[in-house]
**Q** 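Mind having a look at this structure? Questions to follow.
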Amino acid sequence: MSATAVDSSYLNQLGEARYDWTVAEVRALFALPFADLMHHAQRVHRQHFNPNEVQVSTLLSIKTGACPEDCAYCPQSVRYDTGLEREELMEVERVIDSARLAKSKGATRFCMGAAYRSPKAKQLAAISEMVRGVRALGMETCATLGMLTPEQAHELKDAGLDYYNHNLDSSESFYGKVITTRTYQDRLDTLQAVRDAGINVCCGGILGMGESELDRAQLLHTLATLPKHPESVPTNQLVQVAGTPLNGVAPLDPFEFVRTIAVARLLMPHSHVRLSAGRTEMSDEMQALCFLAGANSIFYGEKLLTTENPEADHDQQLFARLGITPEAPSLCAELSDHEHHQHATDVEHVAHHV
Ligand code: SAM
Ligand code: DTB
Ligand code: SF4
């Protein structure tokens, strides 16, 4: 079926969570005139979220570089000479100190990233201690450590992990051109293990790797037809790094990036869609369009894992110019009165900050 030959009655039902999307329906959303697509995305976004609130996460690379995988976009793969210094797994206390600092600057979720294919038992034990320590600060916790077995996912759940990030990156067919050392099914298996352990799923992809619009539609289709939608959908724009095979690919039309955010918002109406890597290459106006399209989460702080992110000051000004305030962490409900009060104070503090 062509992208335009879809019965458009489903447009009236946008806003309800559905798990039976067809690729043709997804493509028809991509094919809408920009103004119509943005209108639908805005309408649906406002059904489920406060459009003036954005969730704020901070990333820390707890183990950097020398990764055995061959992801063609990644500066941390041992196979590409990107000039990155490798660093061993950080000390638990240093990670908790870093989370404390991120919290004092207004982040409510702390995401720990490690350049592993999959963590070993000893590494996971140390990371579980980090998760315990960060959560004890009253922050939401997130980790991205590569593939997990069901047992490892349970170990992280027991430590108090709130979210696990594991991306599909692209469509299944384009994925094969970018990564050869693990399969799409491996990724789906890890997502299943995370879901079964009761951890929230953070799963998205990278745009601007030279993929087609069909690849972007298929990626979103796969995400939106999982048994449960990921709670968080990171939408990364490729950060081009010298030495990686994808350095030098033609950049994506910014409107295509915004369209992809809008379609993600429509397909997964209850999910947080994160405007993730690549913001340093985006204008403030482009980022505002992404928020209008339904993006409602960002990484905050000068560094992503190994590459630059906008300066915190700049993001504070952007939020102030757009009237955006940081969203309170959802674990508030589980906190004691004292911690709850502390959160209210923190959020007020960030609102001043940001
Ligand atoms: N090693 C683990 C893994 O790949 O699952 C966790 C860390 S890895 C860096 C997390 C995600 O960062 C990748 O799945 C990819 O989507 C994203 N990423 C890595 N390099 C990127 C780049 N240059 N630009 C945009 N996103 C990138
Ligand atoms: C995700 O989807 N994006 C973040 C996070 N998950 C871990 C990582 C972006 C990394 C960008 C390249 C770097 O800084 O090394
Ligand atoms: Fe390793 Fe993750 Fe980078 Fe792939 S994306 S090379 S698995 S750190």
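Note that these values count all heavy atoms, side chains included, but never hydrogens, waters or copies made by symmetry.
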**Q** If you count the non-hydrogen atoms of other residues, nucleotides and ligands that lie under 6.0 Å from OH in Y19, is the total more than 12?
**A** yes

**Q** Indicate the atoms forming the closest heavy-atom contact of L219 with G204, along with that distance.
**A** CD1-O, 4.3 Å

**Q** Would you say N296 and F291 make side-chain contact, with heavy atoms under 4.5 Å?
**A** no

**Q** Taking only residues two or more places apart in sequence, or in another chain, which ones meet D169 in a salt bridge (Lys or Arg N to Asp or Glu O under 4.0 Å)?
**A** R187

**Q** Does a side chain donor of either Q192 or D196 reach within less than 3.5 Å of an acceptor in the other side chain?
**A** yes

**Q** Does the pair D97/R100 count as a salt bridge with the N-to-O cut at 4.0 Å?
**A** yes

**Q** I'd like to know whether CZ of R43 has more than 12 heavy-atom contacts from other residues, nucleotides or ligands below 6.0 angstrom.
**A** yes

**Q** Just wondering, are more than 12 heavy atoms of other shown residues or ligands nearer than 6.0 Å to CD in Q185?
**A** yes

**Q** Taking the side chain as every heavy atom from C-beta outward, state whether N52 and L322 have any pair of such atoms under 4.5 Å apart.
**A** no

**Q** Tell me whether L14 shares a hydrophobic cluster with V233, the cluster being built from Ile, Leu, Val, Met, Phe, Trp, Tyr side chains joined at under 4.5 Å.
**A** yes

**Q** Return the orientation label for the F255 and F34 ring planes: parallel under 30°, perpendicular over 60°, tilted otherwise.
**A** perpendicular

**Q** Scan side-chain atoms only and decide if E327 and H272 contain a donor-acceptor pair under the 3.5 Å cut-off.
**A** yes

**Q** Measuring only between side-chain heavy atoms, which start at C-beta, is V178 closer than 4.5 Å to I206?
**A** no

**Q** Output all residues satisfying salt bridge (Lys or Arg N to Asp or Glu O under 4.0 Å) with R109, sequence neighbours left out; order by chain, then residue number.
**A** E140

**Q** Tell me the closest heavy-atom pair linking C67 and Y116, and the distance in Å.
**A** SG-C, 4.1 Å

**Q** Quiz question: by atom type and distance under 3.5 Å, do the side chains of T180 and D70 form a donor-acceptor pair?
**A** yes

**Q** Which pair of non-hydrogen atoms, one from C71 and one from Y80, has the smallest distance, and what is that distance?
**A** O-CE1, 3.3 Å

**Q** Does one side chain, of Q316 or Y300, offer a donor that lies under 3.5 Å from an acceptor on the other?
**A** yes

**Q** Is a side-chain donor or acceptor of E53 paired with a backbone partner of N50 at a separation under 3.5 angstrom?
**A** no

**Q** Please report the closest heavy-atom contact between H45 and G294, naming both atoms and the distance.
**A** CE1-O, 3.6 Å

**Q** Tell me every residue that passes salt bridge (Lys or Arg N to Asp or Glu O under 4.0 Å) with K228, counting only those two or more places apart in sequence or in another chain.
**A** E231

**Q** Take the angle between the ring planes of Y175 and Y184 and call it parallel below 30°, perpendicular above 60°, tilted in between.
**A** perpendicular

**Q** Apply side-chain contact (heavy atoms from CB on, under 4.5 Å) to residues Y73 and V241 and explain how you reach the verdict.
**A** CA-CA 8 Å; Y73 47 75; V241 180; over 6 Å; no

**Q** Do Q55 and S57 have side-chain N/O donor and acceptor atoms under 3.5 Å apart?
**A** yes

**Q** Indicate whether any N or O donor in one side chain lies under 3.5 Å from an N or O acceptor in the other, for N247 and T244.
**A** no

**Q** Treat each ILVMFWY residue as a node, draw an edge where side-chain heavy atoms are under 4.5 Å apart, and state whether L161 and M147 are in one component.
**A** no

**Q** Are side-chain heavy atoms of Y163 and V201 found at a separation under 4.5 Å?
**A** no

**Q** Tell me whether R79 is salt-bridged to E69, with the criterion being a basic N under 4.0 Å from an acidic carboxylate O.
**A** no

**Q** Donor-acceptor pair, distance only, cut-off 3.5 Å: does the side chain of H229 make one with the backbone of R18?
**A** yes

**Q** Answer with yes or no whether the side chains of R46 and Q42 bring together a donor and an acceptor at under 3.5 Å.
**A** yes

**Q** Taking side chain as C-beta onward, heavy atoms only, is R279 less than 4.5 Å from D315?
**A** yes

**Q** What residues form a salt bridge (Lys or Arg N to Asp or Glu O under 4.0 Å) with R86, not counting sequence neighbours?
**A** E88

**Q** Could you work out, with ring-ring contact (aromatic ring centres under 6.0 Å, His included) as the rule, every residue matching H40, not counting sequence neighbours?
**A** none

**Q** Do L124 and L145 make a side-chain contact, defined as non-hydrogen atoms from C-beta onward lying under 4.5 Å apart?
**A** yes

**Q** Take atom CD in E256; do more than 12 heavy atoms of anything else shown fall under 6.0 Å from it?
**A** yes

**Q** Hydrophobic cluster membership, with links at side-chain heavy-atom distances under 4.5 Å among I/L/V/M/F/W/Y: are L238 and L168 in one?
**A** yes

**Q** Between D162 and R135, does any NZ, NE, NH1 or NH2 come within less than 4.0 Å of an OD or OE carboxylate oxygen?
**A** yes

**Q** Of all heavy-atom pairs between P234 and N165, which one has the smallest distance, and what is that distance?
**A** CG-ND2, 3.7 Å

**Q** Are any non-hydrogen side-chain atoms of T58 and K303 less than 4.5 angstrom apart?
**A** no

**Q** Would you say CG of D81 has more than 12 non-hydrogen atoms from neighbouring residues, nucleotides or ligands within 6.0 angstrom?
**A** no

**Q** Are the side chains of D215 and S173 in contact, using a 4.5 Å heavy-atom criterion?
**A** yes

**Q** What pair of heavy atoms forms the shortest contact from A159 to S128, and how long is it?
**A** CB-O, 3.6 Å

**Q** Count I, L, V, M, F, W, Y as connected when their side-chain heavy atoms are under 4.5 Å apart, and connections chain through other members. Are F174 and L223 then in the same cluster?
**A** yes

**Q** Please list every donor-acceptor pair under 3.5 Å in which a side-chain atom of residues 305-312 meets a protein atom from a residue at least two apart or in another chain.
**A**
{"residue": "N309", "atom": "ND2", "partner": "F299", "partner atom": "O", "Å": "2.9"}
{"residue": "N309", "atom": "ND2", "partner": "G301", "partner atom": "O", "Å": "2.8"}

